[in-house]
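Report on the structure given below.
Residue numbers start from 1 in every chain, and the chains themselves are labelled A, B, ... in the order their sequence lines are given, proteins ahead of strands.
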Amino acid sequence: MARRFWLLKSDPETFGWEDLLKSPRKTTAWDGVRNYQARNLLRDEIRVGDGVLFYHSQSAPPAVVGTAEVVRAGYPDPTQFDARSKYRDADSDPAEPRWYAVDIRAGRELDRPVTLPEMREAPGLESMVLLRRGSRLSVQPVTAAEWKIVLALAGRPG
DNA sequence: GCCAACGTTGGC
DNA sequence: GCCAACGTTGGC
């Protein structure tokens, strides 16, 4: 299976690139995702070694700020069973967990953020899921070509 | 803060 | 199964 690429959205107020860098081994569980389409990607598609574009939403401007690597493929999101977690889902059956997480490790910080308006202008990114009208999916597929273009926009080849 | 777009819920 | 109401996301 060839390496694939993804874009993960995060509100930096909640958990941003800096938080990832400060995490033990620069690794974090990507948990708390509560959308079925995103869940399916986490559970079924994302594999160890896949590349991640780390995107800051809700920031001015929104931007891809770094890359990460998947270091653990989909596993049941523990927060769904954690009574103290705001992500708890009392309806999820441990025998058949509803929500999944992956682990990611920081790769490298981009030399400069690649902003949303910049991506909208970039040739080759026209079909990027992120740029679709009303696109709110927090876990998105990225093509190999899009991955390269975004990193090239940051000033270094991918 | 506003609001468009989207997903989920629940009455019927 | 339909669809209105509601809550959330996220760009601006």
Side-chain angles (χ1 to χ4, degrees), chain A residues 4-23 28-46 50-70 73-104 106-107 109-143 145-155:
Chain A
R4 291 189 288 187
F5 303 98
W6 311 94
L7 180 144
L8 298 185
K9 277 187 199 172
S10 192
D11 173 2
E13 293 266 312
T14 305
F15 188 92
W17 177 253
E18 298 303 321
D19 298 302
L20 179 58
L21 294 183
K22 280 184 285 185
S23 301
T28 193
W30 206 257
D31 56 21
V33 175
R34 296 292 181 265
N35 168 283
Y36 285 103
Q37 212 178 330
R39 185 282 308 272
N40 292 346
L41 296 176
L42 293 169
R43 186 189 58 190
D44 304 331
E45 304 293 338
I46 301 181
D50 284 358
V52 169
L53 295 175
F54 197 99
Y55 176 84
H56 279 169
S57 63
Q58 318 264 63
S59 62
V64 175
V65 295
T67 65
E69 183 180 347
V70 176
Y75 61 95
D77 178 349
T79 65
Q80 69 196 309
F81 305 122
D82 181 351
R84 293 157 306 168
S85 172
K86 66 169 178 169
Y87 297 119
R88 170 169 163 81
D89 182 349
D91 296 330
S92 181
D93 175 2
E96 202 169 340
R98 180 177 293 177
W99 305 113
Y100 279 70
V102 300
D103 289 355
I104 65 167
E109 185 167 326
L110 299 189
D111 291 343
R112 56 179 196 82
V114 175
T115 68
L116 181 61
E118 196 178 351
M119 288 188 276
R120 288 197 191 285
E121 296 297 315
L125 298 185
E126 295 83 359
S127 311
M128 204 171 171
V129 174
L130 181 71
L131 306 182
R132 287 189 197 148
R133 237 168 74 86
S135 168
R136 298 191 321 188
L137 201 57
S138 64
V139 178
Q140 310 181 350
V142 171
T143 68
E146 289 162 351
W147 169 271
K148 274 189 187 172
I149 292 168
V150 170
L151 296 186
L153 288 172

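At a threshold of 4.0 Å, the pair Asp89(A)-Arg34(A) does not count as salt-bridged, since none of the basic side-chain nitrogens sits closer than that to a carboxylate oxygen.
The side chain of Arg133(A) contributes no N or O atom lying less than 4.0 Å from OP1 or OP2 of dA4(B).
Heavy-atom neighbours of Glu96(A) CD from other residues, nucleotides or ligands within 6.0 Å: at or below the threshold of 12.
Taking both residues in full, the closest heavy atoms of Ala73(A) and Ile46(A) are given as CB-O, 3.7 Å, listed atom of the first, atom of the second, then distance.
The side-chain heavy atoms of Phe5(A) and Thr143(A), taken from C-beta on, include no pair separated by under 4.5 Å.
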Checklist entry - Can you give one letter per nucleotide of nucleotides 6-12 of chain C, going 5' to 3': B for a protein heavy atom under 4.0 Å from the base, S for sugar-phosphate only, - for none? => result --BBBBS

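Under a 3.5 Å cut-off, the side chain of Gln37(A) and the backbone N or O of Leu137(A) do not form any donor-acceptor pair.
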